[in-house]
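To start, the structure itself, in structure tokens.
Worth knowing before you read on, the calculation uses all heavy atoms, side chains too, and leaves out hydrogens, waters and symmetry mates. What you are looking at is a predicted structure, and each value in this text was computed from that prediction instead of being measured. Protein chains get the first letters and strands the later ones, always in sequence-line order, with residue 1 at the start of each.
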There are 4 protein chains.
Amino acid sequence: MTTPLVKPRKTPAQARSAETVRVILEAAARILETRGLDGYTTNAVAELAGVSVGSLYQYFPGKDALTASLLDRETGIFLASMEYPDPVADSRAALDHLIGACVKHQLRRPELARILDFEEQRLPLRDQQEGLAARLTGTITEILTRLPVDTGEAPRVMAGDIFAMTRGIVDAAGERGETDEVRLRLRVARAVYGYLGLAQAR
Amino acid sequence: MTTPLVKPRKTPAQARSAETVRVILEAAARILETRGLDGYTTNAVAELAGVSVGSLYQYFPGKDALTASLLDRETGIFLASMEYPDPVADSRAALDHLIGACVKHQLRRPELARILDFEEQRLPLRDQQEGLAARLTGTITEILTRLPVDTGEAPRVMAGDIFAMTRGIVDAAGERGETDEVRLRLRVARAVYGYLGLAQAR
Amino acid sequence: MTTPLVKPRKTPAQARSAETVRVILEAAARILETRGLDGYTTNAVAELAGVSVGSLYQYFPGKDALTASLLDRETGIFLASMEYPDPVADSRAALDHLIGACVKHQLRRPELARILDFEEQRLPLRDQQEGLAARLTGTITEILTRLPVDTGEAPRVMAGDIFAMTRGIVDAAGERGETDEVRLRLRVARAVYGYLGLAQAR
Amino acid sequence: MTTPLVKPRKTPAQARSAETVRVILEAAARILETRGLDGYTTNAVAELAGVSVGSLYQYFPGKDALTASLLDRETGIFLASMEYPDPVADSRAALDHLIGACVKHQLRRPELARILDFEEQRLPLRDQQEGLAARLTGTITEILTRLPVDTGEAPRVMAGDIFAMTRGIVDAAGERGETDEVRLRLRVARAVYGYLGLAQAR
DNA sequence: AATGAATGAGTGTTCATTCAT
DNA sequence: AATGAATGAACACTCATTCAT
């Protein structure tokens, strides 16, 4: 028995499980994208994942839990892509970065995002602050307090609007099949800066 | 001269039955609002409507047809509320009117609107130009060509973005339970005019 | 008011009813022929007949009664076509005549005959001697007693077999779409006379 | 050298399930026999089989597939019983054997045979040569070409008639509740040989 | 008498979930 | 842990029959 060069962070058993979970989640994602909510059955997911339904239920207590996990995964991926340089130093850059991350995220798997957005509402209440919207809105709020914005609205309200309009524009673009990230980013930025009454960064 | 935007719809077979159709559609709407897509069964709709399933199927060839009819009804209501004074004379006013109509519409039955938006994608392809989005985008495009806008984007693209951001902001507001139409309208107008780079009609 | 040359056998009201009954029965027959047992619904029959379901139920207490009536009608048509010259004088001619009548009948509306044959079994017991088979078998039995047949079987048994084999051959021919009555008649005669051990009438 | 006539059939997925398939098919057969086409519902079949509807649908994609499978089973049983000694050496014996097999088959489960015969017409077209009738007629045709028969009809036509008259006689006997196989066989043989104009094997 | 809208029990079928192996 | 056959409640939809008009 050799010593692996890279030490596993989990025991083999756990690693195997983690891998299975990953495979199942990805299968769920693909089923949602290709067959929609109607074709999203536990049997279909298990089959595509190459595991038995029984196994699926070993890892997820039910279908909703699977959906919720997928939601968490997608949210996590987004949040990870959102780390940005010191917002205190340059709030404008931070806002631009955020917009860019949003665009990139929604353009990545637009149909999946659309369906998960919808399902989110139906799922058993999740911890506050857990959801993507809540976290993003919080971050935007922080940024706004450092910008010379004076619309007469509370920062939190503006943050909500910014998130919503960004999502609206990007979702619609995704549904139309747009893929030009740069151009889309420009348009979103125009909307956001316009809303805030700020001149756009050149 | 007003431009009527209500499209003529096929009249239900009989005079008496028109009422039954109306009752069934409203029941469907309420089931969707209160029980979501999961609770939206033909039996539940029939029961709430106070008719038998058989009757429901006498008026609608299937569940999807019922959903589509409901979608038509909601779209029709919206389009009817969209009649506006001569857009040629005052494009800005026309745009304001449109924004107002959107806000009012989405605030009317937010959950219903949300679910129907979602279902629309799954429904058998409908006539182009039939959908609300298509019609609205067309109208907005027309208005934009008369405004001193220079963003470098095609009017149709801008129209799409305007519709999408409006919908995004208003949907999110609806989901949060906001009901203040005036205030919401102000925020949407800020976003739209900001996006277009126009000073807001004071 | 003039006196009609041909006096109606029923009062106008009855005549009108009789006509309606006729129309409904024919509609039922056509539905069975073209859409099979699956498409044979009271609504379909009423529609094709040009009357309301309500009317149908005014004339027939239920679906099975309609089917039974149709069966009676078809049987009656056959029996009427079966009248033949004195069987005592020439039994062979009588038998030939019978065979001809059978062939003609089953070739007339083969699919209808096939389905009614099947449905007959399911229908509430009918009066003995009522059915076509019973009547025909009786007639054949009578004829056989006058022919120099000696197969060791009782006439009634032979009559049953003759009817059954005739029906078998003609039904199969009908299903295959054969329409040559003369040729079919020859083949049936061959089978019948062969079974009886009689030389065929030239 | 015997000519096997059993056609190979697709084997059910698993070893264990073969038994379940068998049980379901037998339940379907019994329901058809005892309750007729009307009582033949998937739920009734499943219940009598002692399995859940879900299981039934695991093995058969739909009700028609179940019926078709039953048809295949019955056909297979018959064909298996039809293996006969070299028809070239003794065509008469082969024909007798065939008649015997037919009689035995139709007498085995007459009501089931009757209903399946009827349903066969309605089922989605099956492969040519697949059906019992086609196979049997083919075999009879072969035999006839080796017999000194001269009726002026093509062998295939005669084969069809022979099959049809045999089925007619035996079905009728079955419906009447006859069970004496030997006697029935004698009568069928009389009809067949008489039709062919051959003296009967004593 | 005639209509046809209304009824609702009953049908075929699906799918989340369980559990014996 | 893993399997996948088994379960059965629930769904969309049909159609014989009724009954207010």
Considering all heavy atoms, the nearest A/Leu25-A/Ser69 contact: CD2-CB, 3.7 Å
Watson-Crick/G-U partner (both atom distances under 3.5 Å) of F/dA1: none
Residue-phosphate contact under 4.0 Å: D/Thr42 side-chain N/O, E/dG12 OP1/OP2: yes
C/Tyr59 side-chain N/O to E/dA2 phosphate OP1/OP2 under 4.0 Å: yes
Protein-nucleotide distance (D/Gln58, atom CD; E/dT17, atom P), rounded to Å: 17 Å
Which atom of B/Tyr40 lies closest to which atom of B/Ala28, heavy atoms considered: CE1-CB, 4.0 Å
Smallest separation among heavy atoms of A/Val45 and A/Leu56, with atom names: CG1-CD1, 3.9 Å
Whole-Å gap separating C1' (E/dG12) and CD1 (D/Ile31): 15 Å
Separation of atom CG in C/Leu56 from atom P in E/dA1, rounded to whole Å: 14 Å
Selection from E/dT13, E/dA2, F/dC13 that lies nearest to any side-chain heavy atom of B/Lys63: F/dC13
B/Val53 side-chain proximity, nearest of E/dT13, F/dT14, E/dA6: F/dT14
Between C1' of E/dC15 and CG of A/Asp64, the distance in whole Å: 14 Å
Pair B/Glu19 + B/Arg22, salt bridge at N-O below 4.0 Å: yes
Spacing between B/Phe60 atom CZ and F/dC13 atom P, to the nearest angstrom: 13 Å
Value in whole Å for how far the C1' atom of F/dT14 lies from CZ of C/Arg35: 15 Å
Separation of E/dA9 P from B/Glu47 CD (nearest whole Å): 12 Å
Interatomic distance, B/Asp38 CG vs F/dA12 P [rounded to whole Å]: 11 Å
Sugar-phosphate only, base, or nothing, as touched by D/Val51 at under 4.0 Å among non-hydrogen atoms: sugar-phosphate
First of A/Gly54 and B/Asn43 reached from the 5' end of DNA chain F, by closest nucleotide: A/Gly54
Short side-chain N/O contact from A/Thr41 to OP1 or OP2 of E/dT14, under 4.0 Å: no
Distance test, side-chain N/O of C/Ser55 to OP1/OP2 of E/dT3, below 4.0 Å: yes
Any donor-acceptor pair under 3.5 Å from D/Ser17 side chain to D/Thr20 backbone: no
N or O in side chain of B/Ser52 less than 4.0 angstrom from E/dT7 OP1/OP2: yes
side-chain N/O D/Tyr57 vs E/dT13 OP1/OP2, d < 4.0 Å: yes
